[in-house]
There are 2 protein chains.
Amino acid sequence: MEELEFENSPSKEIDEETLFIVTQTFKALGDPTRVRILHLLFQKECSVNEIADTLDIRQSTVSHQLRFLKNLRLVKYRRAGTTLYYSHDDEHVMLILKQMIDHACHS
Amino acid sequence: MEELEFENSPSKEIDEETLFIVTQTFKALGDPTRVRILHLLFQKECSVNEIADTLDIRQSTVSHQLRFLKNLRLVKYRRAGTTLYYSHDDEHVMLILKQMIDHACHS
DNA sequence: TGGTTATATGTTAATATGTTCATATAAGCA
DNA sequence: TGCTTATATGAACATATTAACATATAACCA
């Protein structure tokens, strides 16, 4: 069950919907700004301005990218007054990100 | 050593070079054509025309994308006469691709 | 209600990306 | 050498992506 083989389609093409989700998700991880945001959220819940200040990115850019990540359900938020605290929302994808970072470090 | 925590930089930013490699690699996986090619190469070694025919993509497109993947050392090839047989060249990244496909299937 | 702070949104411009066409290269063979 | 097949390359085009700016919304508080 856990060999290095594609579960659904051994020797067949990936179905279109899966392909779409896969590429969309990887696309999300294919941008430095989004990776930096996710890496930060991996460590702790952050408000939008906190992210912007920590990473030295403009607030609107952070907000746009958070929306992007939210659409893919990679992040979520809770409200506290006017402040929105964002956190990651997909353990599996975060684990994949971690793996890739480790992989890149050791190469 | 294998907890869900970023090895090099707990509570720090990813270094620029690592970030570059990570995002480049994810970018490679963020395109349907390249994912289809890699998925095919996961199953077996293929010539360029074989890939083009199997996936119904133009030869030049395949060649361009293979160069892209080769630059990132995600694929390699061996020559047999005029034919080049491509195969995948990064077990770890292929495993990550498999994980994401499984993840997408089950979501 | 009016002011303040936090965040979101719309628009735009610059850049990056992916595919196609046409053509070049390179190996094998008669 | 000349022909054929397999693959690579370059240029052009259309589209997608990103960040920036300006502005809107939304919640809180005096």
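In what follows, chains carry the letters A, B, and so on, assigned in the order in which the sequence lines appear, proteins first and then strands, with residues in each chain numbered from 1.
- Here the range on DNA chain D touched by chain A, meaning any atom under 4.0 Å from one of its heavy atoms, is dT17(D) to dC28(D).
- The stretch residues 58-71 of chain A touches DNA chain D through R58(A), S60(A), T61(A), H64(A), Q65(A), each having a heavy atom within less than 4.0 Å of the strand.
- In this structure, L84(B) places its CG atom 12 Å from C1' of dT25(C), rounding to the nearest Å.
- The CG-P distance, from D31(B) to dG18(C), rounds to 5 Å in whole Å.
- No continuous path of hydrophobic side-chain contacts links L55(A) to Y85(A) [ILVMFWY only; heavy atoms under 4.5 Å].
- Considering only side-chain N and O atoms, Y86(A) lies under 4.0 angstrom from the phosphate OP1 or OP2 of dA8(C).
- At most 12 heavy atoms of other shown residues, nucleotides or ligands fall within 6.0 angstrom of atom OH in Y77(B).
- Separating the CZ atom of R36(B) from the C1' atom of dT19(C) is a distance of 14 Å, rounded to the nearest angstrom.
- Where T33(A) and G81(A) meet DNA chain D, the nucleotide closest to each residue was compared, and T33(A) sits on the side nearer the 5' end.
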Problem set entry | Worked verdict on I57(B) versus R36(B) for side chain to side chain contact (heavy atoms under 4.5 Å, CB included) | CA-CA 10 Å; I57(B) 310 172; R36(B) 292 173 71 211; 3.9 Å; yes
For this session: Walk me through it: do M100(B) and I96(A) pass the test side chain to side chain contact (heavy atoms under 4.5 Å, CB included)?
Result: CA-CA 8 Å; M100(B) 190 67 92; I96(A) 286 173; 4.0 Å; yes
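- Using cut-offs of 30° and 60° for the angle between ring planes, the H88(A) and F42(A) rings count as parallel.
- Residue contacts shown for Y77(B) are absent, as no nucleic acid heavy atom lies under 4.0 Å away.
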For this session: Let me see the working for L72(B) and D90(B) under side chain to side chain contact (heavy atoms under 4.5 Å, CB included), right down to the final yes or no.
Result: CA-CA 9 Å; L72(B) 294 173; D90(B) 191 322; over 6 Å; no
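- The hydrophobic clustering, which links ILVMFWY residues whose side-chain heavy atoms are closer than 4.5 Å, places L38(B) and I21(A) apart.
- Scored by the salt bridge (Lys or Arg N to Asp or Glu O under 4.0 Å) test, R78(A) finds E45(A) as partners (sequence neighbours excluded).
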